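Here's the structure we're looking at; comments come further down.
Bear in mind that the values here come from a model prediction, so they are computed numbers and not experimental data. We number each residue from 1, following the sequence as shown.
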Amino acid sequence: MSETKKKATVEEKGDAILDQEIFVEIEGVRYKMNRLSLRTMLKLAKILSVGAAMMGTNIQEAELSPQLLATMLIGGVMNAETQIMELLAHLLMLEDEKGNWVELNRRDLEDADRFPMSSIFPIVEGLVDNKDIKSFFVDFTAFMKKPSMKRLLGKVSTSSNTATVGQTK
């Protein structure tokens, strides 16, 4: 399959996040990417945590960006099959015969003719290009820099560090 068929395309109706639609083409079929919501974020967080662990990345200290997201997502794909299949089924929608966009299911995604291994790349590209993701990371980065979050994360990281248990200064 040619590289151009795999590329994600962004079709914007305007500058507002709500007006953006992202489509990906896989094996000659055009899929619409579902809007990213709290449900998506929770599914994505499961995969990203696995990807970050596989990369040895400390999310508390990392400079978060859409590019790091893509890298962690690819890293998580190989080790979080159930979660990635749930996320992909939620993200990808196919237009039915009535013109309605419907989410895929796991059985759809397991069809190697429709979704070969390389299918993940245009999907990840679509996620990285997504304004919802970019907006989320701006808000998330600002949130993580708040003094209260730094205090909380400091307490969590020290209380969960078993290497210091029993040691005294």
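Contact detail for Gly126 and Val24: the closest heavy-atom pair is CA-CG1, 4.5 Å. A pairwise comparison of heavy atoms in Trp101 and Tyr31 identifies CZ3-C, 4.4 Å as the closest pair. Across all non-hydrogen atoms, the minimal contact from Asp113 to Glu27 is O-CG, 3.6 Å. The shortest heavy-atom contact between Asn34 and Glu103 is ND2-OE2, 2.8 Å.
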Given side-chain contact (heavy atoms from CB on, under 4.5 Å), test Ile22 with Lys131 step by step and report yes or no. CA-CA 10 Å; Ile22 295 182; Lys131 285 185 179 179; over 6 Å; no
For Met93 and Lys32, run side-chain contact (heavy atoms from CB on, under 4.5 Å): C-alpha distance rounded to whole Å, both residues' side-chain angles, the deciding distance at 0.1 Å, then the answer. CA-CA 5 Å; Met93 298 188 299; Lys32 181 178 178 180; 3.9 Å; yes
Test side-chain contact (heavy atoms from CB on, under 4.5 Å) on Glu110 and Met85 and set out the steps. CA-CA 9 Å; Glu110 291 172 345; Met85 294 299 271; 3.7 Å; yes
Would Leu104 and Leu91 count as a side-chain contact (heavy atoms from CB on, under 4.5 Å) here? Give the steps. CA-CA 8 Å; Leu104 301 181; Leu91 284 177; over 6 Å; no
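With rounding to the nearest 0.5 angstrom, the CG atom of Leu87 is 8.5 Å from the CG atom of Leu92. Separating the CZ atom in Arg106 from the CD atom in Glu86 is a distance of 8.0 Å, to the nearest 0.5 Å. Annotation: the span from Glu21 atom CD to Met33 atom CE amounts to 12.5 Å, rounded to 0.5 Å.
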Just distance, no hydrogens or angles: give the donor-acceptor pairs under 3.5 Å from side chains in residues 38-47, sequence neighbours left out.
| unit_1 | atom_1 | unit_2 | atom_2 | d |
| --- | --- | --- | --- | --- |
| Arg39 | NH1 | His90 | ND1 | 3.2 |
| Thr40 | OG1 | Ser37 | N | 3.1 |
| Thr40 | OG1 | Ser37 | OG | 3.3 |
| Thr40 | OG1 | His90 | NE2 | 2.7 |

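Under a hydrophobic-cluster definition in which Ile, Leu, Val, Met, Phe, Trp and Tyr are linked whenever side-chain heavy atoms come within less than 4.5 Å, directly or via other members, Val124 and Val29 are assigned to the same cluster. Hydrophobic clustering places Leu94 together with Ile120 (ILVMFWY residues linked when any side-chain heavy atoms are closer than 4.5 Å, directly or through intermediates). Two different hydrophobic clusters hold Val50 and Leu48 under the rule that ILVMFWY side chains link at heavy-atom gaps under 4.5 Å. Under a hydrophobic clustering in which Ile, Leu, Val, Met, Phe, Trp and Tyr are joined whenever their side-chain heavy atoms come within less than 4.5 Å, directly or via other members, Leu109 and Leu127 fall into the same cluster.
In terms of modelled atom types and a separation under 3.5 Å, the side chain of Ser135 and the main chain of Asp132 share no donor-acceptor contact. A donor-acceptor pair is defined here as one N or O able to donate and one able to accept, closer than 3.5 Å; no such pair exists between the side chain of Asp111 and the backbone of Asp108.
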